[in-house]
Amino acid sequence: MSIADAATGTDRTDLEQSMYELMVELFPICRSITGDGLRETLHRIGKIVPLELTEVPTGTPAFDWTVPDEWNIRDAWVADAAGRRVIDFQASNLHVVNYSVPVRQRMTLADLRPHLHTIPDHPTWVPYRTSYYAENWGFCLSEEALRRIPEGQYDVVIDASLEPGSLTYGECVLPGRSAHEVLVSSHVCHPSLANDNLSAVVAGATLARLLTGTDHYYTYRFLFAPGTIGALVWLARNDDGLDRLRAGLVLACVGDDGPLVYKRSRRGDTTVDRAAAHVLGHRRAGDEIVDFSPYGNDERQFCSPGFDLPVGAVTRSGHDRNERHHSSADDLDSISPAALADTVLACLDILRVVDDDATLVSLNPKGEPQLGRRGLYRAFGGRSEQDSLESALLWVMSCGDGRHTLLDVAERSGLPFGIVDEAARALENVELVRRESSREGEGS
Ligand code: ZN
């Protein structure tokens, strides 16, 4: 089965349902850039696709960064004199500033206030805050909840540990015919937030599941690592082999109903950039292609000048950060099964173009061959794409000079890649065309 077959053969309703169920399963886990919540999430993904976990000890350098102490949290609360919890980690893991140092104190509300975070503009939302690289602690709550807390003495407890341990990341590798690789990366460090970035973790795992068992040219590597530090640690550990990487996608915030957005790699004209532009150009109106910028997610690391990898990013409204971003409003209601499935199918189409692209060589380059005599027109008769397929036959023959690829033909003719590929296969079957996998940088 080819990647194209996996895309067309996937039942959309099943896909939507399985992705949403995985969202619901993973949503409650308190993840961070290290710790047991991160490990638990990776273990659950490992039940869907084979996942190899790597533990990188605290203190390990990664370029200008260092793996921090490992953070684990058991419980946290602010309780009044009667023992009633007015802020409770058990109600939502967003209530504690992620990476808070342990605390056990009695203090007045006035003394506690500098450690409390709200979003005054959205009085019912709880903000998501972190303090990874500065020793700090705090609680997050809604502005409304804060207003209801009377002055007085409170017991403040954060039952957490921050001590030497390790940072965990997971990789699912699907070997292809080539050792050259395609990377799909999703940051997996956010706690109970749906779009950022559980949506992309679920999309990455689902893509890996759909590609399992397909016949593909490239080796696919799915990376689930904590944001920034995880990507940097991975890059540091793989610095020697990065020339294997031929294409990549960073997935982030891919579950909302906004249009699909592809952000180009820093180079802007790599195969994956062209494949994504082609696929989005043939999808529904409203999808967007934007240029690289040094903010966003882990494309900032993969595309930094010392790596400059051919890695683009797929997001939906996460591109310009919708209002709900990094707050309790980024809950399961902020994403939809349809958008999750749409993202995965679009990514599958992009990967398919990257994977199937090849140079075309005409075996009848002098003048047009007689296509009718070989039954090629008849083969497409009655198909709804008959005209496009017949047009593609001529384009493939015309571009078969050994310098053009299938994607070149698709771009130049305005025809979808799948049509061009099908026409090329028909021409290969009657020995009018040969395809060579002499792709960009191949053999180097
Ligand atoms: Zn985020």
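Counting begins at 1 with the first residue of the sequence. The analysis underlying the following values was restricted to heavy atoms, covering all of them including side chains, and did not include hydrogens, waters or symmetry mates. In each ligand, atom 1 is the first atom listed, and ligand 1 is the first ligand listed.
Taking backbone and side-chain atoms together, His325 has no N/O/S atom less than 2.8 Å away from the Zn ion (ligand 1).
Under 4.0 Å is where a charged nitrogen must lie from a carboxylate oxygen, and between Asp111 and Arg106 no such pair does.
Within His326, NE2 is the N, O or S atom that lies nearest to the Zn ion (ligand 1). Residue Asp196 approaches the Zn ion (ligand 1) most closely through its N/O/S atom OD2.
Atom-to-atom distance recorded for Leu232:CG and Thr60:OG1 is 13.0 Å, nearest 0.5 angstrom. With rounding to the nearest 0.5 angstrom, the CE atom of Met23 is 4.0 Å from the CD1 atom of Ile335.
Not less than 6.0 angstrom separates the ring centroid of Tyr20 from the ring centroid of Phe27.
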